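This is a predicted model, so every value here is computed, not measured. For the numbers below, each heavy atom of this structure counts, side chains included, while hydrogens, waters and symmetry mates do not. Chain identifiers are assigned alphabetically (A, B, ...) following the order of the sequence lines, protein sequences preceding nucleic acid strands; residue numbering begins at 1 within each chain.
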Number of protein chains: 2
Amino acid sequence: MTTARLPTVAVDVVIFTIDEDELKTLLVQVKKGPFAGRWAFPGGLVPSGESLDTTARRELREKTGIHDVYLEQLYTFGEPNRDPSAHVVSVAYFALVSRPVRLPADDPKYARVEWRPVRKLPRLAYGHNALAEYALTRLQAKIGYSNIAYSLLPAEFSLAELQAVYEAILGRRLDRRNFRKRVLQLGLVRALSKQRRGPHRPAALYAFARRTPVLTE
Amino acid sequence: MTTARLPTVAVDVVIFTIDEDELKTLLVQVKKGPFAGRWAFPGGLVPSGESLDTTARRELREKTGIHDVYLEQLYTFGEPNRDPSAHVVSVAYFALVSRPVRLPADDPKYARVEWRPVRKLPRLAYGHNALAEYALTRLQAKIGYSNIAYSLLPAEFSLAELQAVYEAILGRRLDRRNFRKRVLQLGLVRALSKQRRGPHRPAALYAFARRTPVLTE
DNA sequence: GCAAAAGTGTTGAGATTACACCCATGC
DNA sequence: GCATGGGTGTAATCTCAACACTTTTGC
């Protein structure tokens with residue numbers, strides 16, 4: 001690790017999913033360098049000629065195997081001391097994946113890879129705790145005026161499941177009647193003429209009206 | 001200009017001011033390279049060891065001589081083809097200055113420097129038109145839920161002057177009574193016991209309650 | 001006294017919140 | 001038949017937008 005004449009550019013991705021009604025993020029355990037043993041969000045250097053979004057998607061594919069996810073740029077952190085070994089300018093992204101995918105058994109780059117509740121993170125490497133806060137705040141705001149929750153759910157779902165996603169993200173309970181009124185009135189979802197059968201009264205199934213990002217107000 | 005093995009990092013700053021009730025931005029005319037003769041927003045490379053905010057403030061000081069401004073990071077553009085001569089990752093900022101400062105007669109780096117209405121920009125170098133749109137959208141949203149307009153006004157001002165700033169940014173007229181009610185009720189400004197005398201009825205003067213960034217809701 | 005900008009409240013519509021009971025199913 | 005989650009409407013409150021006349025000054 002030598003100090004370059006100019007900063008290098010990296011992309012770091014906060015990957016969210018909902019697992020057991022809890023909002024979790026994917027952490028990797030750093031193998032080498034001054035932060036060896038500490039956890040962080042996955043990331044990697046941006047090679048010349050590759051766009052930032054492409055690097056982020058590649059990182060995501062390598063870590064989770066998933067390609068079709070929601071991805072949004074968050075903020076760029078450029079303080080020179082976050083990584084003591086070099087000045088790395090880190091472009092942060094957040095991503096939403098619909099389920100906690102099976103993780104590759106051994107990644108050559110990281111000691112371990114785990115899904116961890118975003119509200120109980122340890123002290124992270126590279127000042128990534130600030131990044132986690134930033135990502136959560138943005139996500140909480142954005143589900144309020146967009147349809148991006150579609151990327152956290154399968155094609156068909158009950159309104160109770162949709163509400164559980166919102167509650168996991170916001171960290172508080174919502175009123176069921178107001179919630180249903182809202183998402184239907186906004187045209188966020190459309191009813192399928194299907195039901196899910198379970199141990200209790202069957203739930204009507206719904207699908208998102210659009211599975212591409214749309215702002216709703 | 002050689003193609004580096006890794007992208008370099010630059011900061012570009014959209015500097016806004018209000019001049020003659022119009023929202024303007026500072027443009028520089030590029031002297032060299034493939035975009036010679038075209039206009040762009042001022043910017044510069046980030047040296048190793050300097051934070052992005054510091055680079056942005058330095059750029060601002062060099063171009064306008066002003067230090068005490070509002071500065072906020074906007075977005076990072078990383079498409080490799082924006083500058084055909086090298087892959088430059090550009091971290092965009094926007095800044096607000098209270099008046100169109102006198103510009104240095106000759107900058108070694110730029111052919112000319114001018115304040116231009118943000119809604120009548122020419123085709124800019126480095127894909128900067130997208131940046132202008134992005135900055136304006138953010139600014140319009142942000143004056144709605146923060147006090148950052150303080151940085152576009154002197155210490156004392158009339159409510160009509162404050163309203164003119166909001167109208168210049170939003171590009172539409174506002175209702176005077178609703179506007180006054182709003183800013184007073186939010187505690188955004190406080191009345192001074194002073195008046196400005198002019199050709200007509202004197203206007204009561206106000207000051208911002210706080211001259212540091214605060215979100216109002 | 002007249003031209004020009006400053007100052008001032010009320011009303012209606014729409015949006016948001018709070019809240020409680022019946023329904024359909026599996027066991 | 002009972003336990004469990006699914007499904008539904010209304011009333012009160014708050015927020016936001018629309019709107020017109022009087023006041024104060026310089027000339």
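Scanning for side chain to side chain donor-acceptor pair (under 3.5 Å) contacts around B:Thr137 gives an empty result, with sequence neighbours left out. Judged as a side chain to side chain donor-acceptor pair (under 3.5 Å), and not counting sequence neighbours, the contacts of B:Arg116 are B:Glu114. Under the rule for a ring pair (Phe, Tyr, Trp, His ring centres under 6.0 Å), the partners of B:Phe77 that lie at least two apart in sequence or sit in another chain are B:Tyr75. Scanning for side chain to side chain donor-acceptor pair (under 3.5 Å) contacts around B:Asn129 gives an empty result, with sequence neighbours left out. Under the salt bridge (Lys or Arg N to Asp or Glu O under 4.0 Å) criterion, A:Arg201 pairs with no residue, sequence neighbours left out.
Of all nucleotides in DNA chain C having an atom under 4.0 Å from a heavy atom of chain A, the first and last in 5' to 3' order are C:dT17 to C:dG26.
Contacts classified as salt bridge (Lys or Arg N to Asp or Glu O under 4.0 Å) and involving residues 162-171 of chain B (residues at least two apart or in different chains) are given here: B:Glu167-B:Arg173. Residue pairs that meet the ring pair (Phe, Tyr, Trp, His ring centres under 6.0 Å) test with at least one member in residues 178-217 of chain B, sequence neighbours left out, are B:Phe157-B:Phe208, B:Tyr166-B:Phe179. For the side chain to side chain donor-acceptor pair (under 3.5 Å) condition, the pairs that include at least one residue of residues 152-162 of chain B, sequence neighbours left out, are B:Glu156-B:Lys194, B:Glu161-B:Arg196. Contacts classified as salt bridge (Lys or Arg N to Asp or Glu O under 4.0 Å) and involving residues 129-152 of chain B (residues at least two apart or in different chains) are given here: B:Glu72-B:Arg138, B:Glu72-B:Lys142.
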Checklist entry - What string of B, S and - do you get for nucleotides 18-26 of chain D 5' to 3' if you count protein non-hydrogen atoms under 4.0 Å? => result BBB--BBBS

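The CD atom of B:Glu217 sits 11 Å away from the C1' atom of D:dT15 (whole-angstrom rounding). With rounding to whole Å, A:Arg182 atom CZ is found 19 Å from D:dT8 atom C1'. Following rounding to the nearest Å, A:Arg180 (CZ) and D:dG9 (C1') show an atom-to-atom distance of 13 Å.
Interface residues of residues 156-174 of chain B facing DNA chain C, ordered by number: B:Ala160; criterion, heavy-atom separation under 4.0 Å.
Other residues, nucleotides and ligands contribute at most 12 non-hydrogen atoms within 6.0 Å of the CZ atom of A:Arg210.
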